[in-house]
Amino acid sequence: MTSPLSRSRSRRVPSHIAVRVAHAVLGGLVAMGWLVLPLARAGADAPVARARDTGVAARPVTTAQDGTTTGDLVPPLVAVGAAGALAAYGYGRRRRRATTRTTPGGDPEVTPLHELDAQARRLLVETDDCVRVGAEELALAEDRSAGDAIEPYVYDLRHAEAGLAAAFRLRQRLDETEAAGVDPAQDESERREVLEEIVAHCREAGERLDAAAPGLDQIRALERNAVAALESAEARFREGAARIRGAEATLAELHERYAPAASLPVAGDAEQAKDRLLFTTSHLNQARQYADRGDGAKAAAHLRAAEGALGQAFDLANGVERLAAELDSAAAGLPAAITAAEASWNAARALPAEARAGLVGRLGHAEAVLSAVRHETAAGPHDPLDALRRVTEAMAGLAGTGPAGTGGDDIPDGHGQALLPARSALAGAACFIGTHRGAVGSEARTRLAEARRLLGPGSVPLSEVLRADDLAREARRLAERDVRAYGNPSGGRGGAGAGGAVLGGILLSDGEGGPMSYGGPRTRGRRGAFFT
């Protein structure tokens, strides 16, 4: 049976065992050739021997010829001995690697497995941050540059995104294997190869962004064009302040129209957006001061920090508006979803007794869910997204049994509202992780990436919609856990809004200390030296 790790490993990863076996076979063939050669030559001398036996005069065989015939055996024997020695050395070396590759103090060339796992997780987080910031800064560059000028950098970013997506997919498979109860020690070599491929994907993506960073700096030219960039940022700041006031009003409306749980995912977003604006104000002022003094490098560093905070303020405010629109859509689509689910339920009830035998439990559960949802909607303010999610799950249990079914697992035509809860959970988790990325680890990001993959373009089976919904909500829970464990990121330093800026990954919390910019792990903090 194929191991889950084997199925998840890329075809590009070479099999070291296969290569070594091929080398051994090749060496054996060469040795056999050397052994057969003297036998063939001995056969050629047979007529001479027969001539001697019959009394026919023959030319004597000289001593030199005898020596050559005996010497012909030496090279094959040497080849066989060398092949045996190489095989013994290879076998011993493999045994030593197998016994020391997860043991500290073993083969210094092999990273212990737990360290490799930690390295893969760290690189996933770093690369994900770089891709997010790269997309943000490219959008700013596009507003002020010709499309042709930034096209190569868009290509580099897309390439990095593809590599990162592949790395997250491998990480998800590893996590699924562990969750299934498979002993990691049983597939240690395969697990190592998968982790090494994750590391390779992330490093390749980071190196591509690192190589592109200087070119994008030349296009944006913040050091030379600080005044023009400041004017643009200040105009966006005013727009952001108005957007946040609108988000606060929308939140108040949501509290009146729906149950408290409906707006819980964005409960503190308006306040966090204002905190990001406070940080933006401080650093726009500092950027302006340095620009007036002619210090373009420091002006660019503070401007980049302000741009990052302003982008997150927009994201938080937009998240409130997005959720409000999703709740309205769910409330409007809920009656049709209930009707479709009832049709499936009635059709399943009408099936012959033998066909209905396996549906008894699902029929009872669907009936209870539909009854509870109808009661909630009639009682007053409720959470329409949660209600729609439960109706969707009830429909999944009856998929293909009624006129709304398609005979399979796909979402029934005309009932695309089933996607709404999953897409809402995905968007909410993405916003939370993006605006708290300084604290969020690889687990939450991996679940988010897998949910995004499942809800990709095209027809989505209902089972994958439900799976993506679960993964997106798990990503949000894991991210919130990481944020709770993070504590005070600024340690009381850094000025107004600095804690939120570090929490949001706008400022790097390590020794680099400056604002993140387009680039890979090596260049992302290049403006830190000018950030004081």
Side-chain angles (χ1 to χ4, degrees), residues 165 168-169 172 254 258-259 261-266 315 318-345 362 365-366 369-370 372-374 376-377 382-434 444-477 479:
F168 273 131
R169 181 68 177 139
Q172 177 68 23
L254 293 180
Y258 300 110
S263 58
L264 188 60
V266 296
D315 289 343
N318 291 341
V320 175
E321 303 294 347
R322 173 192 50 77
L323 181 62
E326 291 165 348
L327 287 169
D328 291 344
S329 295
L334 186 58
I338 294 173
T339 300
E342 288 173 340
S344 294
W345 187 85
R362 286 181 284 173
H365 173 71
V369 169
L370 294 173
V373 169
R374 284 193 298 266
E376 290 171 8
T377 56
H382 60 285
D383 183 349
L385 277 171
D386 180 67
L388 187 57
R389 175 179 288 113
R390 287 182 286 151
V391 170
T392 300
E393 292 170 350
M395 289 178 67
L398 303 176
T401 61
T406 60
D409 190 46
D410 288 343
I411 295 176
D413 292 339
H415 300 285
Q417 290 290 336
L419 280 166
L420 186 56
R423 295 200 184 280
S424 176
L426 177 63
C431 181
F432 185 87
I433 291 173
R445 299 171 192 244
T446 301
R447 304 300 177 270
L448 179 68
E450 181 67 4
R452 184 179 286 120
R453 186 189 69 83
L454 292 174
L455 290 180
S459 178
V460 184
L462 187 56
S463 61
E464 291 194 0
V465 171
L466 298 177
R467 173 67 174 152
D469 191 14
D470 288 341
L471 285 166
R473 288 189 289 161
E474 183 184 3
R476 177 68 181 256
R477 288 193 296 270

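The figures here come from the full heavy-atom set of this structure, side chains too, leaving out hydrogens, waters and symmetry mates.
Between Leu334 and His382, the closest side-chain pair of non-hydrogen atoms falls below 4.5 Å.
Closest approach of Val391 and Val369 over heavy atoms only: N-CG1, 4.3 Å. Contact detail for Arg423 and Gly456: the closest heavy-atom pair is NH2-O, 4.5 Å. Smallest separation of non-hydrogen atoms from Ala331 and Pro384: N-CB, 3.6 Å. Of all heavy-atom pairs between Ala444 and Ala479, the closest is CB-N, 3.7 Å. The two residues Pro421 and Asp469 come nearest to each other via the heavy atoms O-OD1, 3.8 Å. Considering all non-hydrogen atoms of both residues, Gly428 and Arg476 come closest at O-NH1, 3.6 Å.
When atom types are taken as modelled, the side chain of Ser424 and the backbone of Leu420 share no donor-acceptor pair closer than 3.5 angstrom. A donor-acceptor pair is defined here as one N or O able to donate and one able to accept, closer than 3.5 Å; no such pair exists between the side chain of Arg362 and the backbone of Ala396. When atom types are taken as modelled, the side chain of Arg473 and the backbone of Ala429 share no donor-acceptor pair closer than 3.5 angstrom.
Interatomic distance, CG of Leu471 versus CG of Leu448, reported as 9.5 Å (0.5 Å rounding). Annotation: the span from Leu385 atom CG to Leu327 atom CG amounts to 4.5 Å, rounded to 0.5 Å. Annotation: the span from Asn318 atom CG to Leu323 atom CG amounts to 12.5 Å, rounded to 0.5 Å. In this structure, CG in Leu466 is found 11.0 Å from CG in Leu454, a value given to the nearest 0.5 Å. Note that CE of Met395 is 11.0 Å distant from CD of Glu342, once rounded to the nearest 0.5 Å. To the nearest 0.5 angstrom, Leu264 atom CG is 9.5 Å from Asp383 atom CG.
Scored by the ring-ring contact (aromatic ring centres under 6.0 Å, His included) test, Phe432 finds His436 as partners (sequence neighbours excluded).
Contacts classified as salt bridge (charged side-chain N to carboxylate O under 4.0 Å, His left out) and involving residues 325-339 (residues at least two apart or in different chains) are given here: Arg257-Asp328, Arg322-Glu326.
Salt bridge present: Arg390 and Glu376 bring a charged side-chain N and a carboxylate O closer than 4.0 Å. The existence of a salt bridge linking Arg445 and Glu450 is excluded, since no basic side-chain nitrogen approaches an acidic carboxylate oxygen closer than 4.0 Å.
Inspection of the Arg453 and Gln172 side chains reveals no N or O donor paired with an N or O acceptor under 3.5 Å.
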